[in-house]
Amino acid sequence: MPTIVVDVMPKAELLDPQGKALAGALARTGRAGFSGVRIGKRFELTVDGPVDDTLKASVKEIAEEILSNSVIEDVVGIHYEVTNAELAEEASDAATVTDDGFGAPAGETH
């Protein structure tokens with residue numbers, strides 16, 4: 001099943017107390033090289049059918065109206081995530097049928 005991922009972050013101009021605390025912890029534990037940390041939220045929406053333009057528009061609306069607080073947060077990303085099972089299925093399908101109609105087991109070439 002397809003998964004749509006929505007990433008929400010605090011607005012850049014607002015303080016992020018959790019991020020500030022984590023930045024301090026990194027410095028105290030000797031992990032240098034980080035000038036700042038911001039902590040956000042990730043939502044995973046599992047879809048029952050295909051991901052089409054209507055669904056994408058609906059997810060954008062849901063992200064802006066329900067998943068984020070527009071006063072203090074921005075929706076910074078909405079993307080489709082492919083699971084390992086889907087990748088394996090696509091690879092298997094691609095490996096079994098060639099342009100000439102003959103197939104080879106996954107991982108073998110002829």
Side-chain angles (χ1 to χ4, degrees):
M1 289 185 196
T3 300
I4 296 178
V5 177
V6 178
D7 295 312
V8 176
M9 293 294 292
K11 289 188 178 283
E13 61 271 9
L14 296 178
L15 291 176
D16 180 1
Q18 288 179 309
K20 187 173 182 179
L22 182 55
L26 292 173
R28 283 190 308 278
T29 58
R31 291 168 174 89
F34 301 99
S35 59
V37 178
R38 302 216 27 105
I39 296 177
K41 300 184 282 189
R42 172 186 167 113
F43 298 91
E44 295 182 358
L45 307 169
T46 303
V47 180
D48 292 332
V51 178
D52 58 14
D53 290 338
T54 303
L55 181 66
K56 288 178 184 177
S58 178
V59 169
K60 184 174 188 219
E61 186 177 306
I62 291 167
E64 293 173 353
E65 294 177 7
I66 298 171
L67 302 180
S68 67
N69 177 344
S70 63
V71 174
I72 61 171
E73 297 172 321
D74 290 323
V75 175
V76 296
I78 300 174
H79 62 276
Y80 170 77
E81 187 170 272
V82 180
T83 65
N84 286 340
E86 289 173 312
L87 288 172
E89 184 177 329
E90 288 175 15
S92 175
D93 290 345
T96 57
V97 178
T98 61
D99 289 339
D100 59 5
F102 293 96
E108 293 184 20
T109 58
H110 292 88

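This one's a predicted model, so the numbers in the text were calculated from it and none came from an experiment.
Hydrophobic cluster membership differs between Ile39 and Val75, with clusters built from Ile, Leu, Val, Met, Phe, Trp and Tyr side chains linked at under 4.5 angstrom. Two different hydrophobic clusters hold Ile66 and Val76 under the rule that ILVMFWY side chains link at heavy-atom gaps under 4.5 Å.
To the nearest 0.5 Å, the span separating CG on Leu14 from CG on Asp74 amounts to 9.0 Å. Once rounded to the nearest 0.5 Å, the distance linking CD of Glu73 with CE of Met9 reads 9.5 Å. Taken to the nearest 0.5 Å, the CZ atom of Phe43 stands 15.0 Å off from the OG1 atom of Thr3. Taken to the nearest 0.5 Å, the CG atom of Leu45 stands 6.5 Å off from the CD1 atom of Ile62. From Ile4, atom CD1 reaches atom CD1 of Ile78 across 8.5 Å, with rounding to the nearest 0.5 Å.
In this structure, Arg38 contributes its side chain and Lys11 its backbone to a donor-acceptor pair below 3.5 Å. Of the possible polar contacts, one joining the Arg28 side chain to the Gly24 backbone as a donor-acceptor pair under 3.5 Å is found. Remark: side-chain polar atoms of Thr29 are paired, donor with acceptor, to backbone N or O of Ala25 under 3.5 angstrom. Using modelled atom types, one side-chain atom of Ser68 and one backbone atom of Ala63 make a donor-acceptor pair closer than 3.5 Å.
Within a 6.0 Å radius of NZ in Lys20, other residues, nucleotides and ligands contribute 12 heavy atoms or fewer. Within a 6.0 Å radius of CG in Leu15, other residues, nucleotides and ligands contribute 12 heavy atoms or fewer.
Side-chain contact between Val5 and Arg42 is present, with at least one heavy-atom pair separated by less than 4.5 Å.
Minimum interatomic distance between Gly49 and Pro2 (heavy atoms only, all atoms of both residues): O-CG, 3.7 Å.
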